[in-house]
Enquirer: 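Got a structure for you, questions after.
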Amino acid sequence: TVLRKFDGFRTFWNWLVLQKYVEENLAERIRLPRRIRRLPKWLTEDELRRFANTPVVPGRSHTYPYRDMVAWKTLAWLGLRRSELLNLKVVDVQVADGTLVIRHSKGDRDRVLPLPERLKGELNFLIGDRGPDQYVFAGSPDTRWTYNSLMTGFRRQLRVCGLENRGITPHTIRHSFATHLVRRGVPIPVIKALLGHSDIKTTMVYIHVGQDDLKQAIAQHVLNAETD
């Protein structure tokens, strides 16, 4: 956030120089702290299954529990961004072709994802007889599901699954999707395409390791080999 705000500040000073209001871009003198790159959080395979498969418990004013159930499964199965989930329209769910179209995603790019067999029937049932321009995950028949309502349902699902108070967000589900694909040997370029990344460097962050990987590596150390 700091770096993004400073980029705007620096751009403004560039404009001042171009317009000859000042002679020097003073923003260039400011040294920013180095960006700390932290490994993304992710759920274990068991936790991801729990999140996706635990039945939704309706809240006091909860009107669409089936919508929420299909939404959490879609996040877990396809690693969508929150905005991509909210913007899905009926026309984008092409059950007959077995594909899901993500339109105008980050960077204004479209991509086509294979639709898991176990999601086809549930998405088809959720859509029902709605028109092609209506939202798949709707707040009402004619409106988009709001961010606040989605997050309320998401936090409720975490409580039901015993995953609350761990800083888990919808993006954590996306991280989990990518992490477990890497661990199962799916090539990075394929994961890049599934996630809709423009730069493979963004995808490379998922080549991280857990404690089990580290223990296995130490167990294979040459000094562990017995000698005469």
Side-chain angles (χ1 to χ4, degrees), residues 42-105 110-163 168-181 184 186 190-191 193-196:
W42 74 93
L43 303 182
T44 66
E45 291 186 10
D46 177 65
E47 290 169 338
L48 188 62
R49 290 191 189 98
R50 251 194 294 155
F51 172 79
N53 298 329
T54 299
V56 169
V57 175
R60 186 167 51 187
S61 59
H62 203 180
T63 313
Y64 306 107
Y66 188 79
R67 173 203 63 189
D68 291 20
M69 181 195 75
V70 180
W72 311 148
K73 288 186 177 184
T74 303
L75 284 178
W77 270 101
L78 296 171
L80 301 186
R81 298 179 178 93
R82 182 174 48 210
S83 60
E84 293 171 346
L85 182 82
L86 291 174
N87 289 327
L88 271 179
K89 291 193 174 182
V90 172
V91 69
D92 302 325
V93 183
Q94 301 175 4
V95 175
D97 296 333
T99 58
L100 191 74
V101 181
I102 308 298
R103 303 182 193 276
H104 307 296
S105 185
D110 295 350
R111 69 185 189 279
V112 179
L113 299 176
L115 193 57
E117 287 293 329
R118 291 172 63 181
L119 265 182
K120 286 181 181 179
E122 292 175 339
L123 280 168
N124 209 27
F125 184 79
L126 176 66
I127 289 168
D129 58 358
R130 279 184 275 168
D133 288 329
Q134 291 183 298
Y135 290 101
V136 174
F137 300 102
S140 69
D142 297 314
T143 63
R144 195 180 78 153
W145 192 11
T146 66
Y147 166 79
N148 287 337
S149 178
L150 179 146
M151 290 306 300
T152 298
F154 183 81
R155 286 189 287 266
R156 184 187 301 115
Q157 184 71 357
L158 294 180
R159 285 196 300 273
V160 172
C161 297
L163 298 171
I168 295 170
T169 68
H171 217 70
T172 307
I173 308 303
R174 179 172 165 86
H175 290 323
S176 305
F177 165 82
T179 295
H180 294 302
L181 288 180
R184 288 177 177 260
V186 177
V190 174
I191 298 174
L194 288 171
L195 291 172

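In this text the structure is predicted, and so the values were computed from the model without any measurement.
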Enquirer: To the closest 0.5 Å, what do you measure between CZ (Arg82) and CD1 (Ile173)?
Expert: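 Separation between the atoms: 12.0 Å.
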Enquirer: Please work out whether the ring planes of Trp72 and Phe51 are parallel, tilted or perpendicular, with thresholds of 30° and 60°.
Expert: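 Trp72 vs Phe51 ring planes: tilted.
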Enquirer: Heavy atoms, side chains only, cut-off 4.5 Å: are Gln94 and Val101 in contact?
Expert: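 Counting from C-beta outward, Gln94 and Val101 do come under 4.5 Å.
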Enquirer: Side-chain contact test, heavy atoms from C-beta onward, threshold under 4.5 Å: evaluate it for Ile102 versus Leu113 and give yes or no.
Expert: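 Yes. Closest side-chain heavy atoms under 4.5 Å.
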Enquirer: How long is the span from the CD atom in Gln157 to the OG1 atom in Thr54, to the nearest 0.5 Å?
Expert: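 So the CD of Gln157 and the OG1 of Thr54 are separated by 6.0 Å.
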Enquirer: So which atom in Arg67 and which in Leu126 form the shortest heavy-atom distance, rounded to 0.1 Å?
Expert: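 Closest pair (atom of Arg67, atom of Leu126, distance): CA-CD1, 3.8 Å.
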Enquirer: Within a strict 4.5 Å, meaning less than it, do heavy atoms of the Tyr64 and Trp145 side chains meet?
Expert: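 No, every pair of side-chain atoms sits at 4.5 Å or beyond.
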Enquirer: Grab the two heavy atoms, one from Glu122 and one from Arg118, that are nearest each other, plus how far apart they are.
Expert: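 Taking Glu122 first and Arg118 second, the nearest heavy atoms are OE1-O, 3.6 Å.
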Enquirer: Which heavy atom of Ala76 sits nearest a heavy atom of Leu48, and at what distance?
Expert: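 Of all heavy-atom pairs spanning Ala76 and Leu48, the closest is CB-CD1, 4.1 Å.
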Enquirer: Going by the rule side chain to side chain contact (heavy atoms under 4.5 Å, CB included), which residues pair with Val186 if we only count those two or more places apart in sequence or in a different chain?
Expert: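 Expected list: Leu181, Val190, Ile191.
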Enquirer: Taking Thr169's backbone N and O only, do any of them form a donor-acceptor pair with Thr172's side chain (distance below 3.5 Å, no angle check)?
Expert: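 Checked: pair present.
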Enquirer: So, taking the atom named CZ in Arg111 and the one named CG in Leu100, what distance separates them when rounded to the nearest 0.5 Å?
Expert: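 These two atoms lie 9.0 Å from each other.
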Enquirer: Please give me the minimum heavy-atom distance between Lys89 and Asp133, naming the atom from each residue.
Expert: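 Closest heavy-atom pair between Lys89 and Asp133: CD-O, 3.4 Å.
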Enquirer: Taking the ring of Trp42 and the ring of Phe177, is the distance between their centroids below 6.0 Å?
Expert: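 No - the distance between ring centres of Phe177 and Trp42 does not fall below the 6.0 Å cut-off.
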Enquirer: Quick one: pull up CZ in Arg49 and OG1 in Thr44 and give me the separation to the nearest 0.5 Å.
Expert: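 Answer for the CZ-OG1 pair, Arg49 versus Thr44, is 8.5 Å.
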Enquirer: For a 4.5 angstrom cut-off between non-hydrogen side-chain atoms, does Leu85 reach Leu78?
Expert: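 The answer is no; the side chains never approach within 4.5 Å.
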Enquirer: With a 4.5 Å cut-off on side-chain heavy atoms, are Pro170 and Leu80 touching?
Expert: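 Result no, sub-4.5 Å side-chain heavy-atom pair not found.
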Enquirer: So, Asn124 side chain and Lys120 main chain: donor-acceptor pair closer than 3.5 Å or not?
Expert: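 Flag not set: sc Asn124 to bb Lys120 has no pair under 3.5 Å.
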Enquirer: Any side-chain heavy atom of Met151 within less than 4.5 Å of one from Phe154?
Expert: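 Yes. Closest side-chain heavy atoms under 4.5 Å.
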Enquirer: I'd like to know if the side chain of Arg144 reaches the main chain of Ala138, judged simply by a donor and an acceptor atom lying under 3.5 Å from each other, with no hydrogens or angles considered.
Expert: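 Absent.
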Enquirer: Quick one: pull up OG1 in Thr74 and CE in Met69 and give me the separation to the nearest 0.5 Å.
Expert: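 Separation between the atoms: 9.0 Å.
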Enquirer: Do the non-hydrogen side-chain atoms of Thr99 and Leu115 ever get within less than 4.5 Å of each other?
Expert: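 Not in contact.
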Enquirer: Can you tell if the side chain of Arg50 reaches within under 4.5 Å of the side chain of Asn53, non-hydrogen atoms only?
Expert: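 Answer no - side chains too far apart.
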Enquirer: Rounded to the nearest 0.5 Å, what separates atom CZ in Arg103 from atom CG in Asp92?
Expert: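 One finds 4.5 Å between CZ of Arg103 and CG of Asp92.
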Enquirer: Which heavy-atom pair separates Leu195 from Ala178 by the least distance, and what is that distance?
Expert: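 Heavy-atom minimum between the residues: CD1-CB, 3.9 Å.
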Enquirer: So, for Leu123 and Phe137, which heavy atoms are closest and what is the spacing to 0.1 Å?
Expert: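 Heavy atoms of Leu123 and Phe137 come nearest at CD2-CZ, 4.1 Å.
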